[in-house]
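Numbering of ligands and ligand atoms starts at 1, following listing order.
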Amino acid sequence: MEESLEKKLLDEKRSGWLDTDDEKFGKIFDFCNGYMEFLNRSKTEREFAANAKQVAEENGFVDINKVEQLNPGDKVYFVNREKSVYLAVIGKQKLEDGLHIIGSHIDSPRLDLKPNPVYEDGELAYFNTHYYGGIKKYQWTTIPLSLHGVIIKANGEKITVNIGEDENDPIFTITDLLPHLAKEQVNKKLGEAIEGEKLNLLIGGIPSLEKNAKEKVKLNILKILNEKYGIIERDFISSELEFVPSFKARSLGFDYGMVVAYGQDDKLCSYTSLKAIMDITNPEKTAVCILTDKEEIGSLGNTGMKSHVFDYFISELLDKKGENRPNALDKVFCCSKMLSADVDGAYDPLYRNVSDKYNSSFLSKGVTLNKYTGVRGKSGASDANAEYVAWVRNLFEENDIKYQVTELGKVDEGGGGTIAYMLANKGVDVIDCGVPILSMHAPYEVASKFDIYEAYRAYMAFWKKD
Ligand code: MN
Ligand code: MN
């Protein structure tokens, strides 16, 4: 029978589940079980970096600082201050023939403790926070929160904190006004109803029996912390403590077809790319995986993508592979290709008015390619060359990877950006390639299991390509 004109000409965008056989179905669900388990142990950038390092070592990757010389097939990693990780599998070709880089970020929106966090009011003790990243503040009240991070004492001793994940741990929460007395609050604009200064955690209410003490509840909390961690109030100034939702990653829906979890932006892309590079052996082009920090607050600082630490890592590769010469680093970047792996805002039928449905990403329709991001007239965008987009789509079509080419929201509705332009500025061909999610930056974000597995397949195909 002859192909219909419709089938021949139209770009049919259909659910990936429709073309999923039983075998692939099983693989998708198995993969996502591993993903959810990893997410539950990796809620912060430090935890993700430590777990990524462990996965890498179990798969034969070695610390680049312990390697004198690099040869094709070698697998190395570099951990930057416990908060970002770069991995590489050395290719058969020279580094200056170009790298295949996939970069994602392992930080997620959350509430950070202020440097002087403990106070008492109304005979209750509180932790004062400063939010990290773009959050809708009202979403962070009256949910269970757990405390993760480190406290470094003046003598350098490091204390790791993780309270609220174990069933027997206490959790913490931010209270909200009862509806009975919220007449004024409910008439405020959504963005103003909960003030940043009110994002304070309730942490205790039992007073110390110490006579003459002024703030007895605060004192009792400090006593408990001193017994548990050996710290005094001043030790908070050299800590990095983050409140994240205590929720566990779970399957969503009667069909179990989605994952709902905290931090899928961007640990979804970090996990899938980390898993993919574990499965790469002897690639033609050197495969590089970036797991960076600080993306949610502008990629600044020495663990963010704008720092030169990544350049240093590539310089180390050049050096240890015996390819260093003047301008080698620039040449490597100018010949490299990259997928900037970050989640995309999916079309939400409940909020359809913000999306152009012809250019939106949809759950279960595969990985997203954003040719450009930016706001108001593509401002601030890294706009991928059509030639490179063609190369990437050809790769996906050859490997039967389901993909959709999309844009975040309607024109002038808002927008966003990723680390894409930072690498593009070095000369790398870059396109954003991630996964559509719902409720981005909320304490609980939703993704399709089909897309999660497809991201893993897409990243693997990219690294295997010569
Ligand atoms: Mn992101
Ligand atoms: Mn984000």
* To do: Apply side chain to side chain contact (heavy atoms under 4.5 Å, CB included) to Gln185 and Asp176, showing your working.
  => CA-CA 10 Å; Gln185 187 196 40; Asp176 192 6; 3.2 Å; yes
Distance-only donor-acceptor pairs under 3.5 Å for side chains of residues 140-150, two or more places apart:
from   : atom 1 : to     : atom 2 : distance (Å)
Thr141 : OG1    : Tyr138 : O      : 3.1
Ser146 : OG     : His148 : NE2    : 3.2
Ser146 : OG     : Glu165 : OE2    : 2.5
Ser146 : OG     : Val244 : O      : 3.4
His148 : ND1    : Glu47  : OE1    : 3.1
His148 : ND1    : Glu47  : OE2    : 2.5
His148 : NE2    : Glu165 : OE2    : 2.8

* To do: Check the angle between the aromatic planes of Tyr86 and Phe313 and answer parallel, tilted or perpendicular using the 30° and 60° thresholds.
  => tilted
* Could you check whether the rings of Phe38 and Phe48 sit parallel, tilted or perpendicular, using 30° and 60° as the cut-offs? => perpendicular
Can you give each donor-acceptor pair under 3.5 Å made by side-chain atoms of residues 252-262, sequence neighbours left out, with the distance rounded to 0.1 Å?
from   : atom 1 : to     : atom 2 : distance (Å)
Asp255 : OD1    : Gly257 : N      : 2.9
Tyr262 : OH     : Pro109 : O      : 2.7

For a quick test of your reading: what N or O donor-acceptor pairs under 3.5 Å do the side chains of residues 274-284 make, sequence neighbours left out?
from   : atom 1 : to     : atom 2 : distance (Å)
Asp279 : OD2    : Tyr456 : OH     : 2.4
Glu284 : OE1    : Gln93  : NE2    : 3.2

* Asked: Near the Mn ion (ligand 2), which protein N/O/S atoms fall under 2.8 Å?
  -> Asp265 OD2, Glu296 OE1, Glu296 OE2, His441 NE2
